[in-house]
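Residue numbers start from 1 in every chain, and the chains themselves are labelled A, B, ... in the order their sequence lines are given, proteins ahead of strands.
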Number of protein chains: 2
Amino acid sequence: MTTHQTERELAKTAQLALLLEVASTPKPGNVDRQREYEDLRFEHFLAGAVGALDGLEIAANGGPVGEAFERAIAGMSNQSGGNTQFGAILLLSPLVVAASQDELTPATADTVVAATTVDDAVHFYRGFDHVDVAVDEPPADMTALDVRRGGAAEPTIRDQALTLQDIMDRSADRDGIAAEWCDGFPRTFRTAEEIMAGDGAVTDRAATAFLDELAEELDTFVVTQHDEETALDVREKADEARSGAMDVSALGDELVDRNINPGTTADIIAGALFVALQRGMEV
Amino acid sequence: MTTHQTERELAKTAQLALLLEVASTPKPGNVDRQREYEDLRFEHFLAGAVGALDGLEIAANGGPVGEAFERAIAGMSNQSGGNTQFGAILLLSPLVVAASQDELTPATADTVVAATTVDDAVHFYRGFDHVDVAVDEPPADMTALDVRRGGAAEPTIRDQALTLQDIMDRSADRDGIAAEWCDGFPRTFRTAEEIMAGDGAVTDRAATAFLDELAEELDTFVVTQHDEETALDVREKADEARSGAMDVSALGDELVDRNINPGTTADIIAGALFVALQRGMEV
């Protein structure tokens with residue numbers, strides 16, 4: 001893709017991806033520029049993206065990925081809405097590190113994941129000290145590694161010599177972002193291609209990609225907040241909305257009424273926007 | 001005002017002010033998160049705010065104000081929508097420099113303006129090389145200093161030893177941002193007080209302040225793009241919208257139909273948001 005735009009620095013590209021994600025509308029069930037909640041508003045996401053930049057700059061300088069993530073979460077949390085972009089930043093952190101080292105591909109992203117250390121895992125846990133994140137009860141054998149323990153889990157992590165990749169492996173079957181980490185970020189790269197192939201406003205293309213993802217994959221944040229049955233229902237209705245059998249804004253209204261936020265799907269869009277921008281997509 | 005939020009770095013505070021301004025809706029006649037144009041979209045303003053950061057960081061490190069401004073405009077222009085935040089950045093630049101040196105007040109902002117140099121003036125002119133800005137024909141005795149000459153005006157500026165304050169003085173009667181520069185930024189500080197005094201979402205308070213300003217002051221960008229009669233008409237209708245005699249969204253529709261963009265009023269809001277954030281307003 002030809003471009004007349006100057007190359008944007010990596011950290012700013014990631015910041016712009018966060019901003020474009022929340023601006024993309026409609027994204028049924030999530031905050032976007034047409035829909036917000038009284039206590040979780042569009043402006044909280046703007047402040048979250050501004051605050052995340054310092055951490056993204058650590059990633060853009062090559063990492064370490066755990067420190068970059070924790071710093072970005074600390075900065076993101078400097079607003080009164082609570083958790084705005086935790087999952088998106090978790091997805092972006094290794095992608096930004098990968099892009100700082102080489103061409104951004106599933107293989108180079110895998111290399112970053114494989115190189116994560118025990119220190120990265122500790123910083124990941126500390127990320128949970130900065131903001132409340134909705135998570136499931138851990139499996140019985142993972143209680144000592146419950147992410148809600150935050151930095152207090154450090155002795156266990158160090159005793160077991162767990163890297164951040166190890167931590168992600170243990171969550172990949174329950175968490176869509178961890179699954180991306182462990183498998184070369186397939187949804188992220190696929191969605192980036194879809195967004196790049198489109199025409200018109202970037203935020204329109206990202207909204208279309210959001211609905212496609214919602215219609216094709218179970219949102220694991222919905223499973224966490226509700227249950228698998230709810231996530232299956234959302235996927236089915238998103239497919240109806242995509243085909244025109246259901247009105248997209250009616251789907252949005254229903255998800256808001258039922259307090260269903262397909263947040264993982266939004267995180268994937270943020271990651272995909274970063275990949276697309278990094279590959280030359282113009283705004 | 002008490003705050004539980006960490007103090008945001010100055011440059012990021014200014015970046016957040018740019019983002020909150022464009023997110024504030026409704027702002028009749030301007031791009032906001034509910035209204036955009038096919039060739040000037042919300043996403044262009046997001047990218048503009050991301051790109052402006054490097055220049056804002058120069059200002060946050062104490063200047064020079066002209067260099068900070070030019071760098072921010074160059075970064076802002078790295079998107080395909082054209083001029084998004086030229087006036088807002090011109091307003092913010094001295095305010096950020098002032099805040100980097102001392103408490104941010106009309107007096108400290110005046111000090112920054114009074115200290116501007118010929119080099120600052122040259123950088124200001126170079127700002128116009130980066131992006132097309134709608135401006136009026138200059139008075140006959142100012143042809144050599146037509147801002148549309150951009151950096152080519154440098155010999156004239158140096159021959160006449162004009163500082164950036166001198167340049168602003170010559171435009172203050174025709175340009176609302178230059179008028180702010182020359183008079184202690186009265187509208188900016190007054191509007192900051194109004195926004196801080198409000199309750200609820202920051203972007204709602206900023207939209208209210210926008211309508212108040214539009215109802216009270218002539219928008220000089222409207223005068224430039226159209227004429228004084230048009231600006232008077234906009235002011236009158238904004239006053240009707242404020243009082244409820246006219247529907248705000250009908251005013252927005254009318255301004256869009258007539259291609260009227262009260263851009264200077266939006267710039268004032270961006271400056272006011274920066275002052276309010278700097279004085280502890282939480283998001």
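Taking 4.0 Å as the cut-off between side-chain N and carboxylate O, B/E193 and B/R190 do not count as a salt-bridged pair.
When all heavy atoms of A/D32 and A/S24 are compared, the pair lying nearest together is CB-O, 3.1 Å. The two atoms that bring B/I89 and B/A72 nearest to each other are CG2-CB, 3.6 Å, heavy atoms only. Counting all heavy atoms, side chain and backbone alike, A/L95 lies closest to A/A109 at CD2-CB, 4.0 Å.
In this structure, a donor-acceptor pair under 3.5 Å is absent between the side chains of B/Q278 and B/E103.
Evaluated for a side-chain contact (heavy atoms from CB on, under 4.5 Å) with A/L46, the options B/L19, B/V22, B/V283, B/V202 yield exactly one hit, B/L19. Evaluated for a side-chain contact (heavy atoms from CB on, under 4.5 Å) with A/L18, the options A/L56, A/T84, A/V50, A/L273 yield exactly one hit, A/L56.
Listed in order of number, the residues of residues 122-131 of chain A that approach chain B to under 4.5 Å between heavy atoms amount to none.
Interface remark: of the candidates A/D54, A/T25, A/T13, A/D54 forms the most heavy-atom pairs closer than 4.5 Å to chain B. Counting heavy-atom pairs closer than 4.5 Å to chain B, the top-ranked of the candidates A/E9, A/E43, A/K12 is A/E43.
Residue B/E38: no heavy atom, backbone or side chain, is found under 4.5 Å from chain A.
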